[in-house]
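The residues of the chain are indexed from 1 along the displayed sequence.
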Amino acid sequence: MPAAARRRDPVATPTEDFVERGFHAFAQPLDATAAARLLAKIRATRRFDGSLFLSEAAFDADPQYTGVNPRPGRNLLEGRDDDLAFVERDPAVIATLTELLGEGYETLNRKVVCGVPASAVPAWLKARITDNPVNNLGAYVRPDYRDVTYFYGIDFHQDLIDFKDRDADFVTLYVYLHPVGAHDAPLYLLEESHRPGATLFPHDLVREGAAWRYRDRRGGEALCRQRMLVGEAGFAAVWHACTLHGTQPDAADNERLSLRYLFAKRPGAACGLDTVNAALAGPIRLGATRQDLDDKGAARIKANSVNKA
Ligand SMILES: O=C(O)CCC(=O)C(=O)O
Ligand SMILES: [Fe+2]
């Protein structure tokens with residue numbers, strides 16, 4: 001057999017990518033024209049500027065930190081199946097999700113995520129939130145606009161963070177709706193950070209050159225290469241619920257708009273994710289996933305790693 005034929009196929013399957021690195025980036029962007037069409041419709045619903053926010057007095061009169069994300073009845077993507085077909089019916093997306101999650105996988109959640117540009121965040125708010133680990137701005141956004149999730153950066157986290165007492169039986173699919181470069185609040189993802197399994201947020205991360213030393217607080221550690229996810233409109237990537245990723249505050253003048261999906265395996269269905277999870281060194285479920293919030297849901301820790309990425 002010629003050497004070239006013996007060499008391992010350089011295109012890894014999604015399952016192989018998950019086992020080895022904790023994520024899979026699609027080789028080709030999804031339909032960029034359809035992404036632009038949806039983007040225009042989203043942009044037509046509001047201005048992504050200071051008018052998104054409550055006044056400081058209105059916020060302080062009745063601070064609400066929970067229930068401020070999109071939910072059934074208040075989700076900009078509701079009733080937009082046609083606009084989302086370029087994602088949900090894309091053959092490569094379906095093939096990847098079917099391989100990882102099995103036939104009959106379930107959509108747990110889908111929403112628009114906005115990286116809010118620095119120029120849109122009122123000064124009073126910036127002063128309060130700088131260096132908080134999770135700057136989900138939903139609490140400060142006018143209730144009508146809470147049909148989108150707004151971030152001003154979020155520290156390295158596992159998407160399992162929102163699911164205490166649930167197995168990592170789901171994956172995240174993230175789609176950029178326009179080109180995202182280094183200055184558009186791209187996602188930073190830590191390769192191989194899924195391997196120790198589920199750990200408590202905020203995570204124990206120390207920068208080491210171009211990588212991060214990640215300790216699982218159970219005696220295990222990994223050296224994780226940092227990968228900046230930049231790409232064209234329609235760029236898509238899928239990652240494991242234990243893979244660490246985060247964003248810095250959006251320094252550009254423009255908002256970054258993306259789609260974020262969670263897809264779960266059907267209980268019992270044998271799938272690639274079972275292989276991935278069986279290879280993890282630690283647990284795939286936690287009774288508590290985070291310790292950064294007080295009992296009202298407000299930040300009680302000021303610390304942030306991804307801002308040093
Ligand atoms: O889009 C972002 O800035 C971060 C999104 C993210 O990691 C999430 O929604 O879980
Ligand atoms: Fe996330």
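- In the hydrophobic clustering of ILVMFWY residues, with side-chain heavy atoms under 4.5 Å counting as a link, Tyr176 and Leu257 come out apart.
- More than 12 heavy-atom neighbours from other residues, nucleotides or ligands sit within 6.0 angstrom of CD on Gln291.
- For Thr149 and Lys111, the side-chain atoms include at least one donor-acceptor pair closer than 3.5 Å.
- A salt bridge does not link Arg142 to Asp144: none of the charged side-chain nitrogens sits closer than 4.0 Å to a carboxylate oxygen.
- A donor-acceptor contact shorter than 3.5 Å is absent between the side chain of Glu192 and the backbone of Ala222.
- Although no hydrogens or angles enter the test, the distance criterion places no donor-acceptor pair under 3.5 Å between the side chain of Tyr261 and the main chain of Val87.
- Without hydrogens or angle criteria, Arg260 side chain to Thr172 main chain gives no donor-acceptor distance under 3.5 Å.
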Inset, instruction - Given side-chain contact (heavy atoms from CB on, under 4.5 Å), test Thr15 with His24 step by step and report yes or no. - result: CA-CA 8 Å; Thr15 303; His24 173 76; over 6 Å; no
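- Taken to the nearest 0.5 Å, the CD atom of Glu99 stands 11.0 Å off from the CG atom of Leu273.
- Between Trp239 and His245, the ring-plane angle classifies as tilted under the 30° and 60° cut-offs.
- A continuous path of Ile, Leu, Val, Met, Phe, Trp and Tyr side chains, each step under 4.5 Å between heavy atoms, connects Ile42 with Phe86, placing both in one hydrophobic cluster.
- Between the CG atom of Asn135 and the OG1 atom of Thr130 there is a distance of 7.5 Å, given to the nearest 0.5 Å.
- Shown are Arg213, Lys308, Arg215; of these, the salt bridge (Lys or Arg N to Asp or Glu O under 4.0 Å) with Glu208 is made only by Arg213.
- A cation-pi contact, defined as under 6.0 Å to the ring centre and within 45° of the axis, links Arg21 to Phe23.
- Cluster annotation: Leu38 and Val112 are assigned to the same hydrophobic cluster (Ile/Leu/Val/Met/Phe/Trp/Tyr, side-chain heavy-atom contacts under 4.5 Å, transitive).
- Rounded to the nearest 0.5 Å, atoms NE2 (His194) and CD (Glu20) are 9.0 Å apart.
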Legend entry - Worked verdict on Asn136 versus Asn69 for side-chain hydrogen bond (donor to acceptor under 3.5 Å, both in side chains): CA-CA 9 Å; Asn136 180 323; Asn69 278 305; 3.1 Å; yes
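- No salt bridge links Asp169 with Lys265; every basic N to acidic carboxylate O contact stays at or beyond 4.0 Å.
- In this structure, Arg218 contributes its side chain and Pro196 its backbone to a donor-acceptor pair below 3.5 Å.
- Ion pairing between Arg225 and Glu191 holds under the 4.0 Å rule for side-chain N and carboxylate O.
- For the pair Asp184 (side chain) and Pro186 (backbone), a donor-acceptor distance under 3.5 Å is absent.
- There is a side-chain donor-acceptor pair under 3.5 Å between Arg256 and Ser258.
- Judged purely by atom type and a 3.5 angstrom limit, Glu103 has no side-chain atom pairing as donor or acceptor with the backbone of Thr98.
- Aromatic ring centres of Tyr174 and Phe235: separated by at least 6.0 Å.
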Inset, instruction - Show your reasoning for whether side-chain contact (heavy atoms from CB on, under 4.5 Å) applies to Leu293 and Arg300. - result: CA-CA 5 Å; Leu293 302 179; Arg300 63 180 183 88; 5.7 Å; no
Inset, instruction - Might you work through the side-chain contact (heavy atoms from CB on, under 4.5 Å) test for His240 and Asn277, ending with a clear yes or no? - result: CA-CA 9 Å; His240 189 274; Asn277 284 345; 2.6 Å; yes
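- With ring centers used as reference points, Phe201 lies under 6.0 Å from His203.
- Using cut-offs of 30° and 60° for the angle between ring planes, the Tyr140 and Tyr65 rings count as perpendicular.
- Listed for the Arg146 side chain is no donor-acceptor partner under 3.5 Å among the backbone atoms of Val148.
- The same ILVMFWY cluster, assembled from side-chain heavy atoms under 4.5 Å apart, contains both Ile129 and Val141.
- Heavy-atom contacts from other residues, nucleotides or ligands closer than 6.0 Å to CG of Asp82 number 12 or fewer.
- Between Ala236 and Leu173, the shortest heavy-atom contact is CB-CD1, 4.3 Å.
- Judged purely by distance below 3.5 Å, without hydrogens or angles, the side chains of Thr199 and Tyr214 pair a donor atom with an acceptor atom.
- Between Trp212 and Phe156, the ring planes lie perpendicular to each other; the angle is over 60°, past the 30° to 60° tilted range.
- Counting heavy-atom neighbours within 6.0 Å of Lys302 NZ, excluding the residue itself, gives a total above 12.
- Residue Val68 comes nearest to Ala139 through the heavy atom pair CG2-N, 3.7 Å, listed as atom of the first residue, atom of the second, then distance.
- Checking Asn304 against Asn132 by side-chain atom types alone, no donor-acceptor pair falls below 3.5 Å.
- More than 12 heavy atoms of other residues, nucleotides or ligands lie within 6.0 Å of CD in Glu106, so this atom counts as buried by the packing criterion.
- Atom SG of Cys271 and atom CG of Leu101 lie 6.0 Å apart (nearest 0.5 Å).
- Note on Lys41 versus Asp83: salt bridge recorded, some NZ/NE/NH1/NH2 to OD/OE distance being below 4.0 Å.
- Looking at His157 and Asp159, their side chains do bring a donor and an acceptor atom within 3.5 Å of each other.
- Both Leu244 and Met228 sit in one connected hydrophobic cluster of ILVMFWY residues. Membership requires side-chain heavy atoms under 4.5 Å apart, directly or through other members.
- Gln158 places none of its side-chain heavy atoms less than 4.5 Å from the side chain of Leu200.
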Inset, instruction - Just do the side-chain contact (heavy atoms from CB on, under 4.5 Å) check on Leu262 and Thr107 with the steps written out, would you? - result: CA-CA 6 Å; Leu262 300 182; Thr107 305; over 6 Å; no
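- To the nearest 0.5 Å, atoms CZ (Phe48) and CG (Asp250) are separated by 12.0 Å.
- In this structure, the side chain of Ser193 engages the main chain of Leu190 through a donor-acceptor pair within 3.5 Å.
- One finds a salt bridge joining Arg128 and Asp60 here, because a Lys/Arg side-chain nitrogen approaches an Asp/Glu carboxylate oxygen to under 4.0 Å.
- Taking 4.0 Å as the cut-off between side-chain N and carboxylate O, Arg43 and Glu255 count as a salt-bridged pair.
- The 12-atom threshold is not exceeded at CD of Glu232, counting heavy atoms of other residues, nucleotides or ligands nearer than 6.0 Å.
- Ion pairing of Arg290 with Asp292 is present here, as a side-chain N (NZ or NE/NH1/NH2) and a carboxylate O approach within less than 4.0 Å.
- Looking at every heavy atom in both residues, Gly197 comes nearest to Cys242 through C-SG, 3.8 Å.
- Arg110 and Glu88 are joined by a salt bridge, as a carboxylate oxygen and a charged side-chain nitrogen come within less than 4.0 angstrom of each other.
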Legend entry - Phe53 vs Tyr145, ring pair (Phe, Tyr, Trp, His ring centres under 6.0 Å): CA-CA, chis, key distance, verdict: CA-CA 9 Å; Phe53 297 98; Tyr145 295 144; 9.4 Å; no
